[in-house]
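Computed from a predicted structure; not experimentally measured. Atoms considered below: every heavy atom in the structure, side chains included; atoms not considered: hydrogens, waters and symmetry mates. Letters A, B, ... are given to chains in the order of the sequence lines, protein chains preceding strands, and every chain is numbered from 1.
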There are 2 protein chains.
Amino acid sequence: MRGNITVALVATAFCLAQGPGDFKPATSNVLTAQYPRVDSNSRVEIRFKAPDAGKVRVNFWSGPKADMEKQADGFWTFTTPPMAPGLHYYTVIVDGAEVSDPGSTAYFGGSKWASAVEVPEAGATYYLPQNVPHGQVRELWYDSKVTGTWRHVLVYTPPAYDTRLKERYPALYLQHGGGEDESGWTRQGKANFILDNLIAAGKARPMIVVMANGYARRAGQSVPDPRGRPLGSPEMRKAMQDMMGAFEDDVIQALIPFIDSTFRTMPDREHRAMAGLSMGGMQTFHVAFNHLDRFSYIGGFSGAANVFATGDEKLDTKTAFNGAMSDPVAFSKRVHLLWIGVGTNEPERMKQGIEKLHSSLDEAKIQHVFSQSPGTDHEWQTWRRNLQDFAPRLFQPEAQRSAAARAK
Amino acid sequence: MRGNITVALVATAFCLAQGPGDFKPATSNVLTAQYPRVDSNSRVEIRFKAPDAGKVRVNFWSGPKADMEKQADGFWTFTTPPMAPGLHYYTVIVDGAEVSDPGSTAYFGGSKWASAVEVPEAGATYYLPQNVPHGQVRELWYDSKVTGTWRHVLVYTPPAYDTRLKERYPALYLQHGGGEDESGWTRQGKANFILDNLIAAGKARPMIVVMANGYARRAGQSVPDPRGRPLGSPEMRKAMQDMMGAFEDDVIQALIPFIDSTFRTMPDREHRAMAGLSMGGMQTFHVAFNHLDRFSYIGGFSGAANVFATGDEKLDTKTAFNGAMSDPVAFSKRVHLLWIGVGTNEPERMKQGIEKLHSSLDEAKIQHVFSQSPGTDHEWQTWRRNLQDFAPRLFQPEAQRSAAARAK
């Protein structure tokens, strides 16, 4: 026994001398994979087997891009400096092949199944599964006359939805970002656990959350092959506009009627919200502002800005969206919540876009919430925090919404 | 116009001369990825970018393992001979690094997120989404006192489950294979579409399908680190037995009560079935035979055999599972369906195991269905066909079960 204690103490001393003494497998790993691992300083250690490779690089999309070091056992390793909390997408580049790390769960991002590592946030449990009642996340398929296809949609139903059969629920339509898909908000964002925890604490009203696929093409419509065509080219701008219009029509003409006929919703604008991140924020502003008869709560997470103003132009609040905001008092009675947010470590052009939108709204005296996520980038921790702040403000009497706003 | 037709004709002629004239992107690809692609001869072309690699191999787990050919543009290509229909797992090995192909959807198999390519089966639409009512696939979390954790489970609810609120449904518990997880039966197996189509055609009774995670560990129990320990070692055999026991207890004590209290099931043995593939077949036989008070329909897809007999031993039907089969007449009254299946192209030891089980059952005059899937390997097309044959036989009056058996 004494010997064991000695060994343990020696081991501890050894680890302390090494520095990274407390690395643990990331919660985002597959099954029992030991790497990547994270220490209490939020450093991430990547380990990747490529015995015959000449060069292996790690590529954090919002983080280090660096050469990995070859070890004698055929594995390549790299340890990052301390990273911000949250889920960080990365890939590994093996002799020019950009691939995912088999140790990581695969998440759909960047238009492919990429790797990511979860760096815990000290003290933050709001997006983790807790010992509270859990809602369900349902996969459904709906027949869209707009796209001429069966479309896949995910729907969170709150705890007790299946037992309180007389109860009806408000609905939040929540959109993923570009290069992601409808699985992002639960698999990466943990939206279901965020809602479970808020509802259990009495902080958010039980609601349905509808997570649709943001890509849409009208039945019979062809799209230009994007290869070799820059995003700003006339063909690709037109393709983007076409997609936005097809998505708008799909939401209004196919998705909302499907949801309202399938779930016990409260099918009016007072009980319907829409929010989205990045591309999904743009889509939210486009759809919700053009259909204020359907939505009364609107959120743009790290997005939305360039729907209003491109380049250096400011938002013209008098004319934007057919003058929806031209009368600020009437607008704030009609739209119960206009919420915009951004991470303080996001790329400058993204931050500036949202800040410009914020100052334009301020100047025009248009009531809104502007939220900054400290220290986070254009990544999921920003959007988890956004949802955590946004959801409690939804579907509440005016007094509670204001109190929630003051409490920030 | 005439010029275009000429070009088209020239192009057609060119393609015919080349042979693979009708390659199309696989339905298993991500978004608009053009590769892998499949031609009408069921050949698969893989294309993988690795400009600086010295050697790239493609590794179909049940198919070709071959060097790919480097092209001038930095891509490596390989075209397979004609392949069996179905979903084929593969990885790519880049200078010794075994990785997935970014062009493919990621499927959880082989204990990691792997690639796979869907080769269509001519004329087979039973596992494709059709223009019929679709059920839902629900993610739920249940609190297991056995494992001391919240466990994730997927549940298919048939069309109209949410509208026919007075109706109760039988339940099939359907298990994935080793190295896969609870997402396998829907993402790879298309079990939801198979059920949708069978139900729409009136061929299967509307049922709930419960897809649980097959890995379980008792609360507080540690498992030996598998690294460096062969599967047959005493520690690993003990670990496997412990996992089997923990899974059994979790199904009986936690999962079934959770399902029966959450869904409108018919909570008796007459309306509960269990089936599984490979490892899941073993687990099915272990759980169902030990709990015939809970299950009356049992299916083993490419699995189950070695629960009875290891090595060259034959099944002792008199003593197996505490003599559950010792009286064949009583057994066939009690167990309405005992179904075993295997693909004719599976590895010899797997085929022989199931065939030996089949002949042992025959000799002992124990009523059962033995099904062979022509030309398919230890892969998902075998198990899709198995489910397509198995599900219509469930929860039917005796006369219909016999008719279904005769129709084979």
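With chain A as partner, the option from B/Thr163, B/Val94, B/Asp143, B/Asn131 having the largest number of non-hydrogen pairs under 4.5 angstrom is B/Asn131. Between chain B and the options A/Arg138, A/Arg264, A/Lys49, the largest number of non-hydrogen pairs under 4.5 Å is found for A/Arg138. In terms of heavy-atom pairs under 4.5 angstrom with chain B, the leader among A/Phe108, A/Phe263, A/Trp141 is A/Trp141. Counting heavy-atom pairs closer than 4.5 Å to chain A, the top residue among B/Leu165, B/Ile93, B/Val137 is B/Val137.
Using a 4.5 Å cut-off between heavy atoms, A/Tyr156 makes no contact with chain B at all. Proximity to chain B is absent for every atom of A/Tyr142, based on heavy atoms less than 4.5 angstrom apart. When heavy atoms are compared at a cutoff of 4.5 Å, A/Pro51 approaches chain B by way of both its backbone and its side chain. Only the side chain of B/Phe193 comes within contact range of chain A, judged by heavy atoms closer than 4.5 Å. Both the backbone and the side chain of A/Thr105 come within contact range of chain B, with heavy atoms under 4.5 Å apart. A/Tyr161 does not touch chain B: none of its heavy atoms, backbone or side chain, sits under 4.5 Å away. For A/Asn192, the part sitting under 4.5 Å from any heavy atom of chain B is the side chain, from C-beta outward, and nothing else.
Judged by distance alone, with hydrogens and angles left aside, the side-chain atoms of A/Asn213 form no donor-acceptor pair with the main-chain N or O of A/His152 at under 3.5 Å. Using a distance-only test at 3.5 Å, with no hydrogens or angles considered, no donor-acceptor pair links the side chain of B/Ser104 to the main chain of B/Ala106.
Ion pairing between A/Glu98 and A/Lys112 holds under the 4.0 Å rule for side-chain N and carboxylate O. Ion pairing of A/Asp260 with A/Arg168 is absent here, as no side-chain N (NZ or NE/NH1/NH2) approaches a carboxylate O to less than 4.0 Å.
Checking each of A/Asn59, A/Asp101, A/Val58 against A/Thr91 for a side chain to side chain contact (heavy atoms under 4.5 Å, CB included) leaves exactly one that passes, namely A/Asn59.
Side-chain atoms of B/Ile208 and B/Pro158, non-hydrogen and from C-beta on, do get closer than 4.5 Å to each other.
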Checking A/Phe48 against A/Trp76 for the ring-ring contact (aromatic ring centres under 6.0 Å, His included) test, could you report, in this order, the C-alpha distance in whole Å, the side-chain angles of both residues, the deciding distance, and whether it holds? CA-CA 5 Å; A/Phe48 184 85; A/Trp76 297 67; 8.9 Å; no
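For B/His134 and A/Trp150, the ring centers sit closer than 6.0 Å to each other.
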